[in-house]
Amino acid sequence: MRIVNTFISETNEIPKYTEYSLRQARRFNPSVQIDFISSAPAEYFKELDINWINQSEIHSKLLDKFREVSWFTRHGTPNTTHPSPEGFWQKTAERIFYLDAYVSDKGIGSVFHFENDVLLYGDLNEVIHMDNLTVTPMSSTHTTFAFVFIPKPEKIEKLCRFFNNALSFGESKLLSLGYDHISEMSLLNLALRNNMVSVFPVVPSENDEFVFDPGSYGQHLGGTNNGHSEGFIDPSHVIGSYIKTGKIETKFEDCPYVKYKYSQEWSKIFNLHVHSKNLERFV
C-alpha cells in the first residue's frame, strides 16, 4: 500500500496548506510510503519521510494525448482567498495523467491518492480496499478525486483513456449530457455513469465503519474558498441535501463525525475535504 499525491504546476511553490494534509497523513500512517509528484520538493519532505517525484521526469503517451485533445483553457476562480490560476481545469485534470504515468511505469498497486486540502483521520489499512478504482461521489453531475483508491495500474490507465476519448468529442457534446461545466469532476462522473469506477460511502450505513467526504462535509464544517462561512450547504450535493432536510447532523471533536438525526451512533468521517483551505482548524 502506498500514498501517491500530486501538485502539478509550472512553479516550484507547493501551497502552504499541503503541509497540514501531509503531516496529518503521516501522523495516522507512520509506516506507509508517501510519494509526492511536483516540480520541486518542500523543505518538510525529508522530515516526514516523503519521497519526492520530479514531475519533469514523468512522461507517458496518455499524458501526451491528453495535452493534444484537451481544450481546458478557462480560468479557475480568480477572486477567492486562494485564487485558482489560469488553466486551473487543465492542471486538475492533468494531475490524474501524471498519477497514472507514475503508478503504471512503476507497476504500483493499492495506491491511495487524496487532494492537498484533505485531512485524514485514520489508518489507511482500516479502509476496505476495493477491487475497482474507488472515488467519492458529490452530486448527480460531480464526482471527486478528493479520496481515491487505485487497486492496480490498469484501472487508472483505463480511466485516463476514457477521459481522452471523452474530451475528443468536444465541450458542446459533453455539456449536452447535463453538465453545467466540464472539469475532471464531471469527467469522473461520466465514468461513474458508465460503471468504470466504484464509490466510497458518503452517508452513514450499517455496513460501513467510515464515511468519506467528496467536499461537502468540509464545506459545511469549515466554509468554502468562495467566501462562504461554516455552516454552508450546497443542496445539489448528496450530503448537502441530507443536511438541508435535517436527515443528518455533523460535529467536529477530535475528528469529524456524522449521524442520522434520531440515531445515537456517530460515524467517523475518514477524510475531511477542507475547501476553505484552513486545514489548521481541523488538525
Next item on the list: Give, for atom CZ of R26 and atom CD of E47, the distance between the pair rounded to the nearest 0.5 Å.
Entry: 11.0 Å
Checklist line | Qualifying residues under side chain to side chain contact (heavy atoms under 4.5 Å, CB included), relative to D105, sequence neighbours excluded | finding: none
Check: Within the distance-only criterion (no hydrogens, no angle test), does the side chain of N116 pair as donor or acceptor with the backbone N or O of T6 below 3.5 angstrom?
Finding: yes
Item checked: Distance (rounded to the nearest 0.5 Å) between K152 NZ and I108 CD1 -> 16.0 Å
Next item on the list: Give the minimum heavy-atom separation between H59 and S56, together with the two atoms involved.
Entry: NE2-O, 3.2 Å
Check: Between atom CG of L174 and atom CG of L190, what is the distance when rounded to the nearest 0.5 Å?
Finding: 7.0 Å
Checklist line | Partner set under side-chain hydrogen bond (donor to acceptor under 3.5 Å, both in side chains) for D117, not counting sequence neighbours | finding: H273, K277
Checklist line | Candidates L188, I156, V148, T134 - the one meeting side-chain contact (heavy atoms from CB on, under 4.5 Å) with V197 | finding: L188
Check: Quick one: does N12's side chain have a donor or acceptor within less than 3.5 Å of a partner on P41's backbone?
Finding: no
Check: For the residue pair S241 and V238, what are the closest heavy atoms and their distance?
Finding: OG-O, 2.7 Å
Check: Just wondering, more than 12 heavy atoms not from I128 lying within 6.0 Å of its CD1?
Finding: no
Item checked: Polar side-chain atom of D208 near backbone of P204 as donor-acceptor pair, under 3.5 Å -> no
Margin query: Is it true that D213 and N271 share a donor-acceptor pair across their side chains at a distance under 3.5 Å?
Written below: no
Check: Under 3.5 Å, is there a donor-acceptor pair between the side chain of Q55 and the main chain of S39?
Finding: yes
Notebook entry, point to check: Can F112 and L120 be said to form a side chain to side chain contact (heavy atoms under 4.5 Å, CB included), step by step?
Noted result: CA-CA 11 Å; F112 283 95; L120 303 186; over 6 Å; no
Check: Among side-chain atoms of R161 and N165, is any donor-acceptor pair under 3.5 angstrom?
Finding: no
Checklist line | Option among Y217, F270, F210, Y121 that satisfies the ring-ring contact (aromatic ring centres under 6.0 Å, His included) test with F147 | finding: F270
Next item on the list: Identify the residue among W52, F45, F114, Y98 that makes a ring-ring contact (aromatic ring centres under 6.0 Å, His included) with F36.
Entry: F45
Note to self: Please determine whether the number of non-hydrogen atoms from other residues, nucleotides or ligands lying under 6.0 Å from atom OH of Y102 exceeds 12.
What the structure shows: yes
Next item on the list: Could you tell me which residues satisfy side chain to side chain contact (heavy atoms under 4.5 Å, CB included) with S172, sequence neighbours excluded, listed by chain and number?
Entry: none
Note to self: My understanding is that only residues two or more places apart in sequence, or in another chain, count here; which of them pass side chain to side chain contact (heavy atoms under 4.5 Å, CB included) with S9?
What the structure shows: F7, T11
Check: Side chain of R95, backbone of I37: donor and acceptor closer than 3.5 Å?
Finding: no
Donor-acceptor pairs are to be reported for all side-chain atoms of residues 251-258 against protein atoms at under 3.5 Å, with residues two or more places apart or in another chain.
from: K251; atom 1: NZ; to: E253; atom 2: OE2; distance (Å): 3.3
from: D254; atom 1: OD1; to: Y257; atom 2: OH; distance (Å): 3.0

Notebook entry, point to check: Does any N or O in the side chain of T136 come within less than 3.5 Å of the main-chain N or O of T144, such that one atom is a donor and the other an acceptor?
Noted result: yes
Next item on the list: Tell me, please, which residues at least two apart from S140 pass side chain to side chain contact (heavy atoms under 4.5 Å, CB included).
Entry: none
Next item on the list: Taking K61 for its side chain and L63 for its backbone only, find out whether a donor-acceptor pair lies under 3.5 Å.
Entry: no
Next item on the list: Might you point out which heavy atoms bring F66 and A93 nearest each other, and give the distance in Å?
Entry: CZ-CB, 3.8 Å
Check: Is it true that R281 and E230 have a side-chain N and a carboxylate O under 4.0 angstrom from each other?
Finding: yes
Next item on the list: Give, for atom CG of N164 and atom CZ of F169, the distance between the pair rounded to the nearest 0.5 Å.
Entry: 12.0 Å
Item checked: Interatomic spacing from CD1 in I50 to CG in L22 - rounded to 0.5 Å -> 4.0 Å
